[in-house]
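What follows is a short report on a single structure.
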Amino acid sequence: MSNKENLHGGHRQRLKNRFLEEGLEHFDDHQVLELLLFYCIPRQDTNPIAHALLDHFGSLSQVMEAPPSELQKIPGMGEASAAFLSLINSFTRYYQVNRASSLVILNTLEQCGSYLMPFFYGRRNETVYLLCLDAKCKVLCCKEVGEGSVNSASVPIRRIVEMALGANATSAILAHNHPSGLAFPSDEDQLTTRQLAIALAAVDITLVDHMIIADDEFVSLRQSGRYNPDDCRLLL
């Protein structure tokens, strides 16, 4: 083994040992990427690749959220390493959803919001979910409805009603994300909420709320005064 290979191997081991002893709290962004790339690029200096990724995408979070096809455009990034970085983001979302699932009774809107947020972790596109609850506020299911902005065209109201009926739900909460990071509800968000609430009320299911998720916060249309379930029931 050459001196260069010995030096490179020593650097890898030192970085791994540092992580095991300290965690990632004091790592720089490029060192975090270096460490991750160790496990999919075994015999190459990953420092230049980490810097190239950050230079191209702008931040660690944007690297982790980039499509595999874009990651592969960076010199040194192959199909396997691009898939590995993308897997981390998807795995984190899966882990957070799995962890949140241990809370099966959701008695407050705050609990509902905290339960829903992990479903949107790292998503680059607007995605719509329906959370179905029974009469005791027990979670029956939380299913993806589709991708796209929330308006009367992209949210299939009939399908949502069928999903809620199929889950034998007493109540439901609609949720979608704003990848822009701004959780302010639009006029279309409010219109769709009312239309869905009326359709669900017709089959004796209450649309409790519509929540908009942005990064690590959520906005409740009900709490913000933009939606009242009772108003929709009066229209029937």
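Treat the numbers as computed from the prediction; the structure is a model and nothing was measured.
Neither Met64 nor Leu87 shares a network with the other; the hydrophobic side chains, linked directly or stepwise wherever heavy atoms of I, L, V, M, F, W or Y lie under 4.5 Å apart, form separate groups for each. A continuous path of Ile, Leu, Val, Met, Phe, Trp and Tyr side chains, each step under 4.5 Å between heavy atoms, connects Val32 with Leu15, placing both in one hydrophobic cluster. In the hydrophobic clustering of ILVMFWY residues, with side-chain heavy atoms under 4.5 Å counting as a link, Phe84 and Phe19 come out together. Hydrophobic clustering, with ILVMFWY side chains joined whenever heavy atoms are under 4.5 angstrom apart, groups Val128 together with Leu165. Hydrophobic cluster membership is shared by Leu24 and Val63, with clusters built from Ile, Leu, Val, Met, Phe, Trp and Tyr side chains linked at under 4.5 angstrom.
Here the shortest heavy-atom pairing between Asp45 and Pro48 reads O-CD, 3.4 Å. Residue Leu60 comes nearest to Leu54 through the heavy atom pair N-CD2, 3.6 Å, listed as atom of the first residue, atom of the second, then distance. Closest approach of Ala82 and Pro68 over heavy atoms only: CB-O, 3.6 Å. The shortest heavy-atom contact between Arg93 and Tyr121 is NH1-O, 2.7 Å. Shortest non-hydrogen contact noted between Ile41 and Arg12 is O-NH2, 2.6 Å. The two residues Val145 and Pro156 make their nearest non-hydrogen contact at CG1-CD, 3.7 Å.
Neither side chain, Glu126 nor Asn177, offers a donor N or O lying under 3.5 Å from an acceptor on the other. In this structure, a donor-acceptor pair under 3.5 Å is absent between the side chains of Thr92 and Asn89.
Taking a 6.0 Å sphere around CG of Asn168, one finds it holds 12 or fewer heavy atoms contributed by other residues, nucleotides or ligands.
Side-chain N or O atoms of Asp209 include none that pairs as donor or acceptor with a backbone N or O of Met211 at under 3.5 Å. In this structure, the side chain of Asp28 does not engage the main chain of His30 through any donor-acceptor pair within 3.5 Å. One N or O on the side chain of Thr127 and one on the backbone of Asn125 form a donor-acceptor pair closer than 3.5 Å. Judged purely by atom type and a 3.5 angstrom limit, Thr206 has no side-chain atom pairing as donor or acceptor with the backbone of Val208.
Between His56 and Gln62 the shortest side-chain heavy-atom distance does not fall below 4.5 Å.
Between Phe119 and Tyr115, the ring-plane angle classifies as tilted under the 30° and 60° cut-offs.
Cation-pi check for Arg123 over Tyr129 is not met; the charged atom does not lie both under 6.0 angstrom from the ring centroid and within 45 degrees of its normal. For Arg18 and Phe27, the positive end sits near the middle of the six-membered ring, less than 6.0 Å away and at most 45° from its axis.
Between Glu70 and Lys73, at least one side-chain nitrogen of the basic residue sits less than 4.0 Å from a carboxylate oxygen of the acidic one, meeting the salt-bridge criterion.
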